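Predicted model only: the values in this text are computed from it and were never measured. Letters A, B, ... mirror the listed sequences (proteins, then strands); counts begin at 1.
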Protein chains: 2
Amino acid sequence: MDKSGEYDFLNDLVRFASLAELERIISEYCEKSFYAQTVTLISFQRDTKPITLLSHILDRDLAEFFTTYYARIGFMLDPFYIVAFGEAEFTAHQLREIAPDKFKTSEYYAQYYAKTGLVDELGATIRLGPRIALHLSLGRLGGHGRFRANELRYFKQLSPIILNRLKAILKDPVDVPEMSNAPDLIERYQNMSEPSRSGLSRREAEIAALIVQGHSSRAAGLQLGISDQTVKVHRRNIYRKLQISSQNELFSLLVQDIRGG
Amino acid sequence: MDKSGEYDFLNDLVRFASLAELERIISEYCEKSFYAQTVTLISFQRDTKPITLLSHILDRDLAEFFTTYYARIGFMLDPFYIVAFGEAEFTAHQLREIAPDKFKTSEYYAQYYAKTGLVDELGATIRLGPRIALHLSLGRLGGHGRFRANELRYFKQLSPIILNRLKAILKDPVDVPEMSNAPDLIERYQNMSEPSRSGLSRREAEIAALIVQGHSSRAAGLQLGISDQTVKVHRRNIYRKLQISSQNELFSLLVQDIRGG
DNA sequence: TCGAAAATACCACCAAGTTGGTATTGTTTG
DNA sequence: CAAACAATACCAACTTGGTGGTATTTTCGA
């Protein structure tokens, strides 16, 4: 497999002066090197849909899938999106570093992520404001192997430079889109039950969100600083209130909710 | 809940002379009685997509969902479809009688069936030929409760009469659609692996099909007359050959395959 | 302020999936 | 024919989900 130019790529990526130039560099490199098969630059917005600023996806079906599903539903369960609004101002990770413990067997993975054909991702995110962040993603398609340790290292060194330059370029307020009031994952679950029944409590909705993101009861407990037994109790109460009996249905309700409005 | 007319409905259903008249009777009754919220008449065809002859679904979203998903993917995993091409010439069942043991927690249930809002179904099927069958389905939406024992009993008595009359009406060859060569579930799994790798054996594909239909390892073993341990071995081999590691992914591959072609 | 609900925690049990291993018997195919 | 593979079977271990129960503390609204 030809990996020549894996460093040249990132090196050159640093020398751009506009979004258009960045796009040119990316498409040039993606054609002559196997370093990455997909490159996307996304504006993440807390509580509402992301905006794709740049998307280099050769496969047409995959590109369509990306705009159809990821932009509507998938992003909410994307580990990179979740990390984007965490504490750190800047983050750069390989997917495996931040994916929940059951990510690969989660409903999200099976229904959305697996369809992209991606086997690995490098993602970097820089906060532009309290509710907006810029995300750069490099993807490996099946058959090209995962990113290696040295590739990750180099990405972690250069991606902040790239994203900081982009931040400067995009600081024009024209580029910062309007906010809508679409509810986030937790709010969705809180408002989900039928009017007659009592809805999920804040905590229960938090746990529902973690579960659909692909966390096991144990992992969710660790993250919230509570026991996995407690998580199981919440699970039971969540299922009862929503009149369901499995994780699969919990995911199904989310998709219905998002589609419905 | 008003269940008056539950018998009148089926009684009147028997007195039709054409598809159009049947449709009129159904829509009349569905509006003044809660006996069934959805009534569909489908032409099942082995190995290819079903044809909806009549569909009384009040909810517009549900109706759209039905044509979008059920007609393309869902039917393959529909317990009634599976039973339709079994040994019996005629069958009439409540869903719970023929659903696989893990149906309610299956990926199919969560992704397709749950979205319909149905909580129960009565279905009757009559074989028109070796590769074609006629299916009548009555559905209960959430909030209307399941069909009761006496309703099922009456359905089992009257549905053969209705379907036999329909068979006579539809025997006109114009109504029997062309066959295509779309692969069935088992064939799909057999042809699924990448060209470079060896595909699933017949037996493995059979088991893959049973699993996505919602059978547990034990249930699949019982059905095939082999041990559940053997089913587990096949599972392992299936996962290895398809380079996956969970049931969720097995389902995902099917959906991809069907969408792709 | 009193009571209900929420949040926390722990225990036990069962079903099921996932992952290892070994072994026997046919069948197919190069 | 020999090697490879399919199909069968059994065992063991582990993880997780789902369900049942009980109990304590906190929070918040009527």
Can you build the contact string for nucleotides 24-30 of chain D? Use B for base contact, S for sugar-phosphate-only contact, and - for no protein heavy atom under 4.0 Å.
-------

Which residue pairs pass the salt bridge (charged side-chain N to carboxylate O under 4.0 Å, His left out) test when at least one of the two sits in residues 204-215 of chain B, sequence neighbours left out?
B:Arg203-B:Glu206, B:Glu204-B:Lys241

Contacts of type side-chain hydrogen bond (donor to acceptor under 3.5 Å, both in side chains), residue B:Tyr70, not counting sequence neighbours
B:Asp78

Separation of atom NZ in B:Lys241 from atom P in D:dA6, rounded to whole Å
4 Å

Check side-chain contact (heavy atoms from CB on, under 4.5 Å) between A:Arg72 and all other residues, then give those that pass, not counting sequence neighbours.
A:Arg259

Could you pull out all donor-acceptor pairs under 3.5 Å where a side-chain atom in residues 217-230 of chain B meets a protein atom, sequence neighbours excluded?
residue	atom	partner	partner atom	Å
B:Ser217	OG	B:Arg235	NH1	2.5
B:Ser227	OG	B:Gln229	N	2.8

Contacts of type side-chain hydrogen bond (donor to acceptor under 3.5 Å, both in side chains), residue A:Thr116, not counting sequence neighbours
none

Just jot down the salt bridge (Lys or Arg N to Asp or Glu O under 4.0 Å) partners of A:Arg127, sequence neighbours excluded, or say none.
none

Protein-nucleotides 18-22 of chain D N/O pairs closer than 3.5 Å?
residue	atom	partner	partner atom	Å
D:dG18	OP1	A:Gln247	N	3.1
D:dG18	OP2	A:Arg235	NE	3.3
D:dG18	OP2	A:Tyr239	OH	2.6
D:dG18	O6	A:Lys232	NZ	2.7
D:dG20	N7	A:Arg236	NH1	2.6
D:dG20	O6	A:Arg236	NH1	3.2
D:dG21	N7	A:Arg236	NH2	3.4
D:dG21	O6	A:Arg236	NH2	3.4

Partners of B:Ile73 by side-chain contact (heavy atoms from CB on, under 4.5 Å), sequence neighbours excluded?
B:Tyr112, B:Val255, B:Ile258

Near-strand residues of residues 209-220 of chain A, defined as heavy-atom separation under 4.0 angstrom from DNA chain C:
none

For A:Val83, enumerate each residue passing the side-chain contact (heavy atoms from CB on, under 4.5 Å) test, keeping only those at least two apart in sequence or located in another chain.
A:Thr91, A:His93, A:Ile98

Nucleotides 24-27 of chain C: which of its N/O atoms have a protein N/O under 3.5 Å away?
none

